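Excluded from the calculations below are hydrogen atoms, water molecules and symmetry mates; all remaining heavy atoms, backbone and side chain alike, are included. The model shown is predicted, which means the values in this text are computed figures rather than measured ones.
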Amino acid sequence: MEIRRKIVIIGGVAGGATAAARLRRLNEKDEIIIFEKDEYISFANCGLPYYIGGVIEEREKLLVQSIEGMSKRFNLDIRNFSEVTAIDPIAKKVTVLNHQTKEVYDETYNILVLSPGAKPIWPSLPGIDQAHVFKVRNIPDTDAIFDFIATQQPKTAVVVGGGFIGIEMAEALVERGLQVTIVDKNNQVLRPFDMEMAAIIENELIDHGVVQHLQDGVESIVANQVILTSGQVIDAQLVIMAIGVVPETKLAQMANLKLGVTGAIEVNEQLQTSNSSIYAIGDAIEVKHYISGQATKIPLAWPANRQGRLVADHINGYNVRYSGTLGTSVVKAFTLTAAVTGLNEEALKVQNIPYKAIHIHRANHASYYPGANIITLKLLFQSETGAILGAQAVGGDGTEKRIDVISTAIKGKLTIFDLSDLELAYAPPFSSAKDPVNIAGYVATNVYDGENVIHWHQVDNLLADKGCFIDVRTPNEYSQGSISTAINVPLDDLREFVQTTDVCKEMPVYIFCQVGLRGHAAVSILKDAGFTQVFNLSGGYKTYSTVSTKQKQEQKEVFPCML
């Protein structure tokens, strides 16, 4: 005879709601109760900035599922405005506060699922509690920002934090007609990306009027002004705090559940906490990174949804395990898309994982078909095995598709050698016969097989060492900007050049073109001519100049009288 269990879920939205729906599909007998302290059980929190910006015009479209609809379809006991204030794991009961009636009562359980999420970081800053300072977490936050813009009609805004939410909110506010400034303590926006990739997004923000104050913080908010740590004063009739989130662990700590090294709730591969009757999912838990195996926090929607389903499966006897999180994610920044998966270069260095990197710039579809645009893709791979460690891409249509393919390749344990062999859909409006993912595989294989490359951040030191730089682009390209001291020898003239001169022959030679393709051909020519120390600049002048422009802009801001 099937045993009827009482399963209590704390928190809805992605993880909790998914777990509840899956639990019911697997078992019609169980009693399932969801406690949600806010009004809405399931809403599209990732869509909130787009409602503020006016892209999503109808507020109701943010509401994924109503309480009435979900309760009826899945036979659930959903109690909103009901906050669980304590857990007694010994007695297997929770204490609940009904915010509408103020009633406090206990509810027992056989199995408990924690899905409390994460909360925005709200620092103790002078002036942060003013009426024009907001966070972006839920529907009430969104309503407050939307109403403030409609009624107060602010002209200036400061977004504190240049992460995913910060970038999305900056775009949304620009779309609403505000002059927007981003402030971030880091030296770049979008920390999951490496600097040269983030620089492309920073330039896009500049092109749309978004001012950026990087490597700076907020000291205080005085009336309609934000005072920065550097002393600069910025007009801000609206302030959005988007500096990150921290896991909601209060209930877990009260229940004496073990926290991990990151401060989030520790769980095993079946997502059970240190108490086997209590599971935890979503933004509140510590996960293992799929590549490094190290403990981390990755507050994203996909992991929360996946974990919700797996918890329901395990509760119902399925042999399942959560294999870790890659952190695959994507953000829109005006006309550009930025997507990432796996580890970035900074993380690989910190974790002492040996790696190599390559950059490519390829059209998103056949260049002769109207509307082609460039996707810049960076691939990181293990030096000895060719295992894929991470990838980042910035461009227009189809950018996230390439990262999705590489993410799938990582999960399938494919290597750089397999990327070249992937048979991907091709037609001129969508791709090229050699997709950017294929090209990334070819270039990575060349490097793995011994082609020497240098990267943008090495150029200045090599210039100081009097290295010989040869620009193999056309004279017209060269005249529009090049690396200092570089001599211009167009690729088509290179064979004649090496036959008639001994310039650079006894020293390291650093070849570059616009994106790296002609440089690759030039390396072969020079090696065949007897040059023994030849290097190609990964990503070419396009990658180098992107970061060089950023650094010059930063110098101009710090030393305005010296340029």
Side-chain angles (χ1 to χ4, degrees), residues 13-14 38-40 42-64 120-121 130-184 189-190 192-193 198 200-213 224 226 234-245 299-301 329-340 373 394-397 399-400:
V13 196
D38 295 321
E39 179 178 1
Y40 302 100
S42 182
F43 62 91
N45 49 359
C46 296
L48 301 181
Y50 301 105
Y51 172 65
I52 293 171
V55 176
I56 298 173
E57 297 179 355
E58 299 176 32
R59 179 180 179 275
E60 289 69 26
K61 289 187 175 180
L62 295 173
L63 307 178
V64 177
I121 296 172
Q130 295 180 78
H132 67 297
V133 184
F134 300 90
K135 62 183 184 298
V136 187
R137 183 191 188 191
N138 53 30
I139 295 289
D141 293 337
T142 305
D143 289 340
I145 297 170
F146 195 92
D147 293 343
F148 183 87
I149 294 174
T151 59
Q152 303 301 314
Q153 299 183 341
K155 302 300 181 185
T156 57
V158 166
V159 176
V160 185
F164 283 59
I165 296 297
I167 298 298
E168 290 170 348
M169 283 304 303
E171 178 179 349
L173 295 175
V174 168
E175 295 297 331
R176 294 295 296 271
L178 281 74
Q179 170 59 55
V180 179
T181 299
I182 290 177
V183 178
D184 197 300
V189 300
L190 298 176
F193 294 79
I200 304 171
I201 296 297
E202 292 169 5
N203 290 336
E204 177 76 358
L205 294 172
I206 291 171
D207 289 345
H208 287 83
V210 178
V211 178
Q212 297 156 74
H213 290 273
N224 287 336
V226 170
I234 306 173
D235 289 335
Q237 296 169 341
L238 169 64
V239 179
I240 303 292
M241 301 299 298
I243 56 178
V245 297
L300 293 170
S329 49
V330 62
V331 63
K332 178 181 179 295
F334 296 100
T335 67
L336 291 181
T337 299
V340 61
N373 58 68
V394 181
D397 292 343
T399 297
E400 76 290 346

Mind checking the [atom1]-[atom2] spacing from [X] to [Y]? Nearest 0.5 Å is all I need.
X	Y	atom1	atom2	answer
K61	I56	NZ	CD1	8.5 Å
N203	Q212	CG	CD	8.0 Å
I240	E168	CD1	CD	12.5 Å
C46	L62	SG	CG	11.0 Å
T156	L178	OG1	CG	7.0 Å
L173	Q179	CG	CD	11.0 Å

Check for a donor-acceptor pair, side chain of [X] on one end and backbone N or O of [Y] on the other, with a separation under 3.5 Å.
X	Y	answer
Q237	H132	no
R176	I52	yes
E204	T335	yes
E202	V189	yes

Q: Determine, step by step, whether Q130 and N224 satisfy the side-chain contact (heavy atoms from CB on, under 4.5 Å) criterion, reporting the C-alpha distance in whole Å, the side-chain angles of both residues, the deciding distance to 0.1 Å, and the verdict.
A: CA-CA 10 Å; Q130 295 180 78; N224 287 336; 5.8 Å; no

What are the two closest heavy atoms between [X] and [Y], and how far apart are they?
X	Y	result
F193	A339	CE2-O, 3.3 Å
A338	I201	CB-CD1, 3.9 Å
V136	D141	C-OD2, 4.0 Å
I167	I182	CD1-CD1, 4.0 Å
T142	Y51	CG2-CD2, 3.4 Å
H208	V174	O-CG1, 4.0 Å

Can you find a pair of side-chain heavy atoms, one from [X] and one from [Y], that are under 4.5 Å apart?
X	Y	value
L48	I139	yes
V183	I234	yes
Y40	N138	no
L190	F164	yes
Y50	K332	yes
L205	V180	no

Q: Inspect the contact between D235 and K155 and indicate whether a charged nitrogen and a carboxylate oxygen are less than 4.0 angstrom apart.
A: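 Result for this pair is no, no salt bridge flagged.
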
Q. Heavy-atom count around D397 CG within 6.0 Å, excluding the residue itself: above 12?
A.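 Atom CG in D397 is not packed in, count stays at 12 or less.
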
